[in-house]
Amino acid sequence: MAHPVRVRFAPSPTGLLHIGGLRTALYNYLLARQTGGTFILRVEDTDQTRYVTEAEADILDSLRWVGLDIDEGPGAGGPNQPYYQSQRSALYRQYAEQLIEAGHAYYAFDTPDALQALRERGDGNTAYNTATRGAMRNSLSMSSEETATALQSEPYVVRLKVPQGQTIAFEDAIRGTVSFQSDVLDDQVLLKSDGLPTYHLANVVDDHHMSITHVIRGEEWLPSTPKHIALYNAFGWTPPQMAHLPLILSPTGGKLSKRNADKMGIPVSVRQYREAGYLPEALLNFLAFLGWNDGTERELFRLDELVQAFSLSRVGTTGAQFSMDKLQWYNQQYLMAYTSAELAALARPLVDAAGYTITDDALEQVAAMTRERVVFVSDIVGNYAYFFEPPTAYNAKGVKKRWKADTGSLLAAFGQQLLEAPLETAKAAHDAVHGFVAEREIGLGKIMAPLRLALSGEMGGPDLFEMLAFFGAEETVRRINLAAERIGS
RNA sequence: GCCGCGUUCGUCUAGGGGUCUAGGACGCCGGCCUUUCACGCCGGUAACACGGGUUCAAAUCCCGUACGCGGUACCA
């Protein structure tokens with residue numbers, strides 16, 4: 001606790017920000033904010049072949065959308081610029097050379113084919129390690145003259161000389177002690193033949209340079225960690241605290257890969273959730289709970305509340321399957337927490353885009369009526385389009401059950417009554433309907449269900465009297481006539 | 001294959017030797033409210049992977065097995 005917490009989210013710009021990446025970013029952010037530490041964004045763009053131009057903007061957009069503001073990084077500045085690894089090549093090269101001079105790394109000249117052949121021997125040995133490196137073409141097996149010549153004329157990489165017969169152990173904040181035998185480790189490539197570093201080198205150098213105190217990342221990195229520890233050791237640096245998060249799994253169990261998820265109809269990029277109408281607070285809350293809980297029975301936490309409650313020690317070790325149902329529940333919970341005015345404001349652009357004309361006041365009334373019935377804001381224009389235009393279809397089951405031979409004339413008479421004494425409030429509508437049935441000595445069912453059908457085409461929905469007050473006498477009569485025409489009798 | 005990590009209701013999980021006839025949430029199924037739907041409330045369904053130990057006592061500790069997942073690249 002001597003050093004202030006400094007954490008980083010270090011995505012590779014190979015595509016749209018992944019939902020799992022967002023959770024990693026979230027946990028890093030939570031720890032930083034909780035401790036008054038620093039949240040850094042670093043772009044790990046060292047693989048030129050997988051670079052996707054839109055990716056970086058999408059990562060930035062997505063983080064901004066959910067409200068994970070970064071303290072250092074692209075767009076935010078900071079003392080360790082640049083925050084793009086592709087722009088820090090000189091630094092990595094310098095450190096690679098330092099390692100070579102110290103005898104912890106070496107040059108290797110093997111062709112991809114030669115390495116492939118090694119792997120395919122099938123004797124269980126890794127391609128390039130303490131047992132095999134002596135037989136390969138590298139500065140360990142070649143004379144210094146040969147090496148110097150090769151350096152001039154051939155492509156080469158720099159590899160870490162993994163020490164032999166060591167146990168490499170580290171304390172993971174989530175999993176406790178994890179240990180590996182160094183002999184099973186590959187002599188990791190540090191510098192690729194294109195001169196750029198691999199993840200392993202760049203990551204270790206940058207984490208050290210940026211004084212990162214906690215490395216919080218996905219469990220898929222756990223097997224790489226001993227390589228990183230070996231690197232820290234070679235440099236003589238102290239490794240940061242490691243914390244490996246459980247994986248987010250697809251509902252069928254496998255990794256939530258793009259292909260796997262698409263098959264299940266599950267979006268994997270944050271942008272898709274945004275476009276589908278999920279609220280940032282719902283997505284964040286849901287994601288936070290994929291692998292973490294505060295130990296109480298509370299499940300609703302907004303971002304600032306997560307900051308308060310979060311702790312690395314309460315993060316679980318088991319992979320968590322993604323559940324669309326649970327996410328939707330969260331979305332509904334947060335949607336219900338909005339006031340009608342707020343909900344109306346959220347719905348406004350969708351309403352306009354659908355080509356409907358409605359005043360702000362009226363839209364707020366619609367929001368009030370639908371608030372507890374929608375999972376997405378877009379449901380207002382989807383499931384409740386009848387608030388904006390008369391229904392074009394009528395629930396067949398409902399019509400069969402509730403629309404009798406005398407319904408048409410009954411509704412017409414009710415409509416007539418409305419025009420004579422227009423209703424303005426739900427209370428007035430209530431009284432009008434009750435007065436109407438009392439006078440005629442008929443049941444409420446004779447009029448309420450058909451009225452609802454005429455107004456909305458549906459059998460369920462918001463309170464009928466509120467709807468009547470909303471539509472007013474003229475529109476109600478119009479819809480009664482339309483329904484009578486279309487349904488008949 | 002090898003290395004690593006994991007395994008409590010269908011799913012997310014609480015629980016870390018006795019308080020567990022295992023708690024909560026989502027989903028599902030009933031009921032109440034509402035002459036509707038939803039919300040809300042009440043109730044139900046459903047789990048400690050298996051086998052050995054250790055212990056007076058094990059979901060909880062140890063070992064093994066099985067299964068799942070991850071890694072095994074000049075990708076991150």
Side-chain angles (χ1 to χ4, degrees), chain A residues 10-14 44-50 85 108 110-112 115-116 119 122-128 155-159 172 174-176 178-181 183-186 188-200 202-203 217-227 244 246-247 249 251 253-255 286 289-300 314 316-330 332-333 336 369-375 383 395 398 402 443-449 451-453 456 458-464 467:
Chain A
S12 198
T14 56
E44 308 222 325
D45 53 349
T46 54
D47 185 354
Q48 301 191 302
T49 63
R50 294 210 305 156
Q85 291 187 328
D110 315 278
T111 63
L115 294 172
Q116 189 56 28
R119 279 188 208 101
D123 62 359
N125 255 319
T126 45
Y128 218 116
Y156 65 90
V157 300
V158 174
R159 282 183 184 269
D172 189 279
I174 294 167
R175 284 154 216 283
V178 180
S179 73
F180 294 79
Q181 292 307 311
D183 294 353
V184 306
L185 264 30
D186 246 30
Q188 214 52 47
V189 170
L190 266 19
L191 222 48
K192 299 181 274 191
S193 57
D194 66 2
L196 291 177
T198 57
Y199 171 87
H200 308 291
N203 198 261
R217 74 224 310 190
E219 191 187 343
E220 71 269 25
W221 290 109
L222 197 54
S224 295
T225 306
K227 302 169 187 173
H244 289 92
L247 259 19
L249 275 17
K255 194 177 181 178
F286 168 71
F289 268 73
L290 244 31
W292 172 87
N293 69 82
D294 78 335
T296 73
E297 288 177 354
R298 179 177 171 193
E299 299 204 70
L300 259 16
R314 288 205 59 87
T317 50
T318 318
Q321 290 185 206
F322 192 95
S323 164
M324 216 57 162
D325 281 338
K326 194 74 176 248
L327 210 210
Q328 292 196 354
W329 176 77
Y330 273 113
Q332 187 182 33
Q333 293 297 310
M336 283 193 297
M369 288 187 280
T370 54
R371 206 185 50 190
E372 289 178 346
R373 281 162 247 265
V374 293
V375 173
N383 300 345
N395 181 289
R402 301 298 201 146
L444 271 173
K446 292 233 40 136
I447 187 89
M448 290 199 44
L451 247 186
R452 176 180 292 285
L453 232 22
S456 71
E458 305 286 345
M459 287 296 283
D463 183 78
L464 183 61
M467 287 172 63

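What you see below is based on every heavy atom in this structure, not just the backbone, and it leaves out hydrogens, waters and symmetry mates. Letters A, B, ... mirror the listed sequences (proteins, then strands); counts begin at 1.
Counting heavy atoms from C-beta on, the side chains of A/H244 and A/R217 come closer than 4.5 Å. Residues A/E220 and A/L247 meet the side-chain proximity criterion, which asks for heavy atoms closer than 4.5 Å. At least one side-chain heavy atom of A/L185 sits under 4.5 Å from a side-chain heavy atom of A/P226. Counting heavy atoms from C-beta outward, A/R402 and A/M459 have side chains that approach closer than 4.5 Å. Counting heavy atoms from C-beta outward, A/L290 and A/F322 have side chains that approach closer than 4.5 Å. A/L464 places a side-chain heavy atom less than 4.5 Å from the side chain of A/L451.
The distance from atom CH2 of A/W221 to atom C1' of B/G6 is 20 Å, rounded to the nearest whole Å. As a whole-Å value, the separation of A/Q85 CD from B/A76 C1' is 10 Å. As a whole-Å value, the separation of A/I174 CD1 from B/C5 P is 14 Å. The nearest whole Å value for the distance from the CZ atom in A/R402 to the P atom in B/U36 is 9 Å. One atom, CZ of A/R217, and another, C1' of B/G71, lie 13 Å apart when rounded to the nearest Å. Spacing between atom CZ of A/R452 and atom C1' of B/U36 amounts to 5 Å, rounded to whole angstrom units. Taking atom CG of A/L247 as the reference point, atom P of B/U11 lies 17 Å away to the nearest angstrom. For A/M459 and B/U36, the CE to P distance is 10 Å, given to the nearest whole Å.
The aromatic rings of A/F289 and A/Y330 are tilted relative to each other, their planes meeting at an angle between 30° and 60°.
Across A/T318 and A/P246, no two heavy atoms sit closer than the pair O-CB, 3.2 Å. Taking all atoms of both residues into account, the shortest heavy-atom contact from A/V157 to A/V189 is CB-CG1, 4.0 Å.
Here B/G1 sits opposite B/U72 as a Watson-Crick or G-U wobble pair (both hydrogen-bonding atom distances under 3.5 Å). The partner of B/G16, taking Watson-Crick or G-U wobble pairs whose two distances both stay under 3.5 Å, does not exist in any strand shown. Pairing partner, B/A46: none, since no Watson-Crick or wobble contact has both distances short of 3.5 Å. Here B/C32 sits opposite B/G40 as a Watson-Crick or G-U wobble pair (both hydrogen-bonding atom distances under 3.5 Å). Nucleotide B/C9: unpaired (no Watson-Crick or G-U wobble partner with both distances less than 3.5 Å).
Between B/C39, B/A73, B/C75, one nucleotide has an atom nearer to the side chain of A/D47 than all others, and that is B/C75. Listed candidates were B/G6, B/G70, B/C75. Nearest to the side chain of A/R175 is B/G6. Set against B/A73, B/C12, B/G4, the side chain of A/D186 has B/A73 as its closest nucleotide. The side chain of A/F180 lies closest to B/G4 when the candidates are B/G4, B/C12, B/A76.
As rounded to the nearest Å, B/C12 and B/A49 have P atoms that lie 14 Å from one another. Rounded to the nearest Å, the gap between the P atom of B/G23 and that of B/G15 is 15 Å. When the C1' atom is compared between B/C26 and B/A59, the two are found 23 Å apart, to the nearest whole Å. Atom C1' of B/C33 sits at a distance of 10 Å from the matching atom of B/C39, rounded to the whole Å. Comparing the C1' positions of B/G30 and B/U7 gives an interatomic distance of 33 Å, to the nearest angstrom. B/G44 and B/C9: their C1' atoms are spaced 14 Å apart (whole Å). Between B/U11 and B/G4, the two P atoms lie 27 Å apart (nearest whole Å). Taking atom P in both B/U8 and B/U13, the straight-line distance is 9 Å, to the nearest Å.
Using a 4.0 Å heavy-atom criterion, one finds that A/S179 contacts the sugar-phosphate atoms exclusively. Counting any heavy atom pair closer than 4.0 Å across all strands shown, A/G445 reaches a base atom. Counting non-hydrogen atoms under 4.0 angstrom, A/N383 reaches nothing in the nucleic acid. Across all strands shown, A/S193 has heavy atoms under 4.0 Å from base atoms, whether or not it also approaches the sugar-phosphate. In this structure, A/D463 reaches the bases: a heavy-atom distance under 4.0 Å links it to at least one base atom across the strands shown. Nucleic acid contact for A/V157: base, since at least one base atom lies under 4.0 Å from a heavy atom of the residue. Backbone-only contact: A/V178 has heavy atoms under 4.0 Å from sugar-phosphate atoms and none from a base. A/G398 comes within 4.0 angstrom of no nucleic acid atom, judged by non-hydrogen atoms across all strands.
No hydrogens or angles considered: nothing links the side chains of A/S323 and A/D325 as a donor-acceptor pair under 3.5 Å.
In this structure, A/F289 and A/E372 both approach RNA chain B, and ranking their closest nucleotides by distance from the 5' end singles out A/F289. Residue order along RNA chain B, read from the 5' end via each residue's closest nucleotide, puts A/L222 first among A/Q321 and A/L222.
The phosphate of B/C69 has neither OP1 nor OP2 within less than 4.0 Å of any side-chain N or O from A/T318. Side-chain nitrogen and oxygen atoms of A/K192 include at least one within less than 4.0 Å of the OP1 or OP2 phosphate oxygen of B/A76. Using a 4.0 Å cut-off, some side-chain N or O of A/R159 falls inside it from OP1 or OP2 of B/C74. Residue A/T46 has a polar side-chain atom (N or O) positioned under 4.0 Å from OP1 or OP2 of B/A76.
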Which letters describe nucleotides 14-33 of chain B, given B = protein heavy atom under 4.0 Å from base, S = only from sugar-phosphate, - = neither? SS-------SSBSS------
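Looking at residues two or more places apart in sequence or on another chain, you find a side-chain hydrogen bond (donor to acceptor under 3.5 Å, both in side chains) between A/E44 and A/R42, A/Q85, A/N203.
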